[in-house]
Engineer: 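Below: one structure in structure tokens.
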Amino acid sequence: MKVDIISIFPDYFAPLGLSLVGKARTTGTLDLAVHDLRTWTHDVHRTVDDSPYGGGPGMVMRPEPWGQALEAVAGPGATLVVPSPVGKPFTQADAYELAALDHLVFACGRYEGIDQRVIDDAADRMPVREVSLGDYVLFGGEVAVIVIMEAITRLLPGVLGNADSLTEESHAAGLLEAPVYTKPAAWRDREVPDVLRSGDHGRIARWRRTESLLRTAARRPDLFAAYPPEHLDKQDRKA
Ligand SMILES: OB(O)c1ccc2cc[nH]c2c1
């Protein structure tokens, strides 16, 4: 997978050189490049922002540098991803969809955002996805890109040592995963549930399924309500 990130703070992406994302880059699974938007400015002050039409607080990112940057970086087959507080909520399903694409270009906004004409112009040439990580606002798109890149990279072939982890984890099937435990069996007078030490894989699977449903119903009623009823078996309905 090829990924290009455009930002006025390229150093923000040092974490993408670490751990499993860094390894994916080293092995060639992930071809990642970070670009400084100011590369496409031509004034002595390398200006990327200006005051908003219509007034209001803050500054808006100028269209000219972005237009030239996207023309240089986003070739045929690229999908533009723009983190934004006004974007579509980013989900695990989105992570799977983006992980299946050949080329992603991330545009990191700052200030009050990017001139809307940049997004509209790009949409004439490529798919554009404006995405939000949640109902809160960051200083810019950089942190969101790091989060999205981790969510995508772990889905790429060969990145996770055990691909089975992907099938059981939260949100994989629209539910939150069950609690996990490891040694010691007793810790600060707290015991690991006996069923997990029983060796009875059928009982263990049933316990995990029940815990997953109960946890989802309690913490994410939105997910629980959206879970297809036809996926619930008789045992589930007793939970
Ligand atoms: O919260 B966010 O994901 C986000 C994304 C982009 C910009 C640009 C200025 N503030 C931003 C916030």
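Atoms within a ligand are numbered from 1 in the order they appear, just like the ligands themselves. Keep in mind that this is a model prediction, so the values were computed, not measured. The chain is numbered in sequence order, starting from 1.
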Engineer: Provide the number and element of each atom of ligand 1 under 4.0 Å from a heavy atom of Tyr136.
Structural biologist: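 This gives 1 (O) as the contact atoms.
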
Engineer: With sequence neighbours excluded, tell me which residues meet side chain to side chain contact (heavy atoms under 4.5 Å, CB included) with Arg208.
Structural biologist: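 Arg208: side chain to side chain contact (heavy atoms under 4.5 Å, CB included) contacts with Ala178, Leu196, Ile204.
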
Engineer: Which atoms of ligand 1 sit under 4.0 Å from any heavy atom of Pro83?
Structural biologist: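 What qualifies from ligand 1 is 5 (C), 6 (C).
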
Engineer: Which pairs with one or both residues in residues 216-228 pass side-chain hydrogen bond (donor to acceptor under 3.5 Å, both in side chains), sequence neighbours excluded?
Structural biologist: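 Passing the test, one end in residues 216-228: Arg209-Tyr227, Arg220-Asp222.
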
Engineer: Measure the shortest side-chain to side-chain distance between Leu104 and Asp4 over non-hydrogen atoms and say whether it is less than 4.5 angstrom.
Structural biologist: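 Leu104 vs Asp4: side chains apart.
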
Engineer: Which is it for Arg110 and ligand 1 at heavy atoms under 4.0 Å: side chain, backbone, both or neither?
Structural biologist: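 Under 4.0 Å from ligand 1, Arg110 contributes backbone atoms alone.
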
Engineer: Would you call Val82 and Phe106 a side-chain contact if the rule is heavy atoms closer than 4.5 Å?
Structural biologist: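 SC-SC contact between Val82 and Phe106 ruled out.
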
Engineer: So, does Val137 sit close enough to ligand 1 that a heavy atom of it is under 4.0 Å from the ligand?
Structural biologist: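 Yes, Val137 has heavy atoms under 4.0 Å from ligand 1.
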
Engineer: Considering only heavy atoms of Tyr111, which atoms of ligand 1 have at least one such atom less than 4.0 Å away?
Structural biologist: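 In order of numbering, the contacting atoms are 9 (C), 10 (N).
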
Engineer: Considering heavy atoms of the protein only, find what lies nearest to atom 1 (O) of ligand 1 and give residue, atom and distance to 0.1 Å.
Structural biologist: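 Here the nearest protein heavy atom works out to Leu138 N, 2.9 Å.
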
Engineer: Report yes if the side chains of Ile119 and Glu130 come closer than 4.5 Å at any heavy-atom pair, otherwise no.
Structural biologist: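 Sidechains of Glu130 and Ile119: in contact.
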
Engineer: Between Asp94 and Thr91, do the side chains contain a donor N or O and an acceptor N or O under 3.5 Å apart?
Structural biologist: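 Yes, Asp94 and Thr91 have a side-chain donor paired with an acceptor closer than 3.5 Å.
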
Engineer: Return the closest protein heavy atom for atom 7 (C) of ligand 1 as residue, atom name and distance.
Structural biologist: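 Looking only at protein heavy atoms, the one closest to atom 7 (C) of ligand 1 is Gly140 CA, 3.6 Å.
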
Engineer: Counting each atom of ligand 1 from 1 as listed, which ones have a heavy atom of Phe139 under 4.0 Å away?
Structural biologist: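 Contacts of ligand 1 toward Phe139, numbered from 1: 9 (C), 10 (N).
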
Engineer: Between Met59 and Arg110, is there a side-chain heavy-atom distance shorter than 4.5 Å?
Structural biologist: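 Heavy-atom side-chain distance check fails, nothing below 4.5 Å.
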
Engineer: Atoms of ligand 1 less than 4.0 Å from Ser84 heavy atoms?
Structural biologist: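 Answer, ordered by atom number: 5 (C).
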
Engineer: Identify, by atom number and element, the atoms of ligand 1 in contact range of Gly141, meaning under 4.0 Å from any of its heavy atoms.
Structural biologist: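 Ligand 1 atoms under the 4.0 Å threshold to Gly141: 5 (C), 6 (C), 7 (C).
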
